[in-house]
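What's counted below: heavy atoms across the whole structure, side chains too, no hydrogens, waters or symmetry copies.
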Amino acid sequence: MTENEKKAPPLLGALSGVLAGFAALTVAEAVAGGVRPQAGPVVAVGGAAIDRTPATVKDWAIRNFGSDDKLVLQLGILAVLALFALALGILALRFRRTGAAGVLLFGVVGAVAATSRPDSTGVTDALPSVAGAAAGAVLLYVLTGRLGPRASASGTSAPGRSPSGTSAPHLSAPDASESRTSPSGTSESDTSAPGQSAPGTSPSGTSSSGEGWDRRGFVIVAGAAAVASAGAGLLGRSLSASGGQDAVASRRNVVLPAPASPARAVSRGARLRIPGVSPFVTPNSDFYRVDTALVVPRVDATEWRLRIHGAGVVRPVTLSFDDLLRRELVERDITLTCVSNEVGGPYVGNARWIGVRLAGLLAECGVRPPSKGGPADQLVARSVDGMTIGSPVEDVMDGRDALLALGMNGEPLPFEHGFPVRMVVPGLYGYVSACKWIKDIELTTFDAYDPYWVRRGWARRAPVKTQCRIDTPRPFARPGTGAVMVAGVAWAQHRGIDRVEVRVDDGPWQEARLAAEDTRDTWRQWSFPWQATKGGHTLTARATDRTGAVQTEKRARTIPDGASGWHSVVVTVD
Ligand SMILES: Nc1nc2c(c(=O)[nH]1)N[C@H]1C(S)=C(S)[C@@H](COP(=O)(O)O)O[C@H]1N2
Ligand SMILES: [Mo]
């Protein structure tokens, strides 16, 4: 037997590491499926990463990956974990305990992340990470044990026992047997520097008496572990899919009563029938989604409660979903926009919401707006996933249709959009108004409390900026010469859109045709028939809102209070 056959290739160390990492994650996910899907290590660490991501990076991620930003983040975490697993596996070839301890360390990171999430329900959230890491550490230890040289007497290397055949009595220290390259005479332990013995060379005195690594044992353990891990992964999936069944059932059981105050029918003139223009009502399935939740919260409406309390709340209340259903319901068309929306971007949508007017509810609790002497100027909404969103009390109570929404386009809110209840306030960006999965409303002041996004550099107050988007033609389209319909949407919620103009290259501004206004809280479609001439052209559009303000040309980034500037599209006419 040559020296080479006695030593396992480093690749198998790497493989052991990856298998251990896989086992750790799948076991963690299986346990998380039973405990709480949000307590899984990838979700918890991902959530912590999202919370710590600087606004500029988050913005960049949204811009480049769009709604896939969360997928990209999780894939990134998995890639990093895979690299560490590889490295730990190779390390464990020589230092088994250190390798295993390294796996445990990742478990600690996961456990700390899970228990310190704002929506953590307690120490049980540490279980997935702890269980996963324990499984991974044991597996790495056992696997790399198969890769060490077998002592001739015992046949297999017993962890924790000093290999027989070594002549150094002081190698009976527990760590000594861990290293397959224990140089005689130096009691090499985990803490000794790697490279103390020349790597790759067979140390004298020990393995010369061994029989090489346990090929059969390794294959059996590795195979069994891979199968078991895959099973754990599947179990985790089905558990988290079946979790939240109560929430799903509660949503299915919701019957939205006819609103006492229905939205007025959208006039036919408000909908242009031009191919390529955004439909007036955005279907729920196409509605943009922006939030920090890696796992969409599934709240059981029958258990859901909303608490209203804080400064100036004379009569604090806790309301159930049924309490809200029994109140007077209003139905309103409201266009929602994200502050992260670039000029021309997709994070804007228009829906028909059903809900309870927040102002009435607050008034019943004795809340007065600042203009009527109330002590609170900020309303902080909290969600079940720990989000905090602050809105001006004055805006919420100034007569606009600020809603606690229960329905969206004729159905209970989709889970992604905040079931069972969310806020919607016309005229304010979502991050300062549209709390999804809401569970708590606290009246306070802007001086006293900075909510989530404000702590990350976004503005405390953020009314929607007047914007206009060209939906068709698409950028770099190649229409033929002659009649080309230029069309899109413009919005200035709660002020209303009064005019849209289009400019071809550096030509004069020309008035576009506006679709009829639904309400001043909704966007307006517009169109402009263009006689296209051959060559490259830049089409630019701008809107004017009802205050008479022309949309500014001045380019602003999304941070801190929304992008500004004109939307342009470059086309080539053939
Ligand atoms: N709980 C919670 N609510 C939230 C957010 C969030 O991250 N968590 N994001 C806000 C932002 S920034 C926007 S623009 C809107 C988007 O609502 P939508 O996903 O239903 O379109 O939700 C708001 N409400
Ligand atoms: Mo947003």
Side-chain angles (χ1 to χ4, degrees), residues 17-53 70 73-85 87-88 92 97-142 225 228-244 246-247 292-300 303 382-388 437 439 452:
V18 170
L19 282 173
F22 183 51
L25 282 182
T26 53
V27 167
E29 289 313 317
V31 175
V35 176
R36 229 168 56 89
Q38 284 88 344
V42 176
V43 171
V45 170
I50 289 175
D51 288 357
R52 280 162 187 76
T53 304
K70 294 195 185 85
L73 171 71
Q74 280 171 300
L75 289 178
I77 290 173
L78 289 180
V80 169
L81 283 179
L83 283 179
F84 272 106
L88 282 176
R97 287 207 178 165
T98 309
V103 177
L104 291 179
L105 201 64
F106 277 88
V108 171
V109 171
V112 168
T115 50
S116 55
R117 299 300 301 141
D119 60 340
S120 171
T121 51
V123 283
T124 51
D125 283 346
L127 283 178
S129 295
V130 169
V138 168
L139 180 59
L140 184 60
Y141 194 79
V142 171
S229 302
L234 290 176
L235 177 70
R237 282 196 158 214
S238 72
L239 279 177
S240 47
S242 65
D246 293 348
T292 59
L294 286 171
V295 173
V296 173
R298 293 189 167 206
V299 179
D300 181 345
E303 310 258 284
R382 277 191 184 78
S383 71
V384 300
D385 63 328
M387 174 55 60
T388 51
W437 314 293
K439 68 163 190 190
Y452 184 92

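Closest heavy-atom contact between Gln38 and Val296: NE2-O, 4.4 Å. Summarising the geometry of Ala293 relative to Asp385, their closest heavy-atom pair is CB-OD2, 3.8 Å, with the distance given to 0.1 Å. Between Leu140 and Ala20, the closest heavy-atom pair is CB-CB, 3.8 Å.
A side-chain hydrogen bond (donor to acceptor under 3.5 Å, both in side chains) with Tyr452 is found for one member of Asp51, Thr388, Thr292 and no other, namely Asp51.
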May I have the list of side-chain donor-acceptor pairs in residues 106-115 shorter than 3.5 Å, sequence neighbours left out?
| residue | atom | partner | partner atom | Å |
| --- | --- | --- | --- | --- |
| Thr115 | OG1 | Ala111 | O | 2.8 |
| Thr115 | OG1 | Val112 | O | 3.3 |

Please table the atom pairs, donor to acceptor, closer than 3.5 Å between any side-chain atom in residues 21-33 and protein atoms at least two apart or in another chain.
| residue | atom | partner | partner atom | Å |
| --- | --- | --- | --- | --- |
| Thr26 | OG1 | Phe22 | O | 2.9 |
| Thr26 | OG1 | Ala23 | O | 3.1 |
| Thr26 | OG1 | Ser229 | O | 3.2 |

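Counting heavy-atom neighbours within 6.0 Å of Lys439 NZ, excluding the residue itself, gives a total of 12 or less.
In this structure, Ser240 contributes its side chain and Gly236 its backbone to a donor-acceptor pair below 3.5 Å. Distance alone, capped at 3.5 Å, places no donor-acceptor pair between the Ser129 side chain and the Ala126 backbone.
Between Val43 and Arg117 there is no side-chain heavy-atom pair separated by less than 4.5 Å. Side-chain contact between Arg36 and Asp119: present, with at least one pair of heavy atoms (C-beta onward) separated by less than 4.5 Å. Inter-residue side-chain proximity for Asp125 and Val35 is flagged as met; some heavy-atom pair is nearer than 4.5 Å.
How far OG1 of Thr53 is from CG of Leu73: 7.0 Å, rounded to the nearest 0.5 Å.
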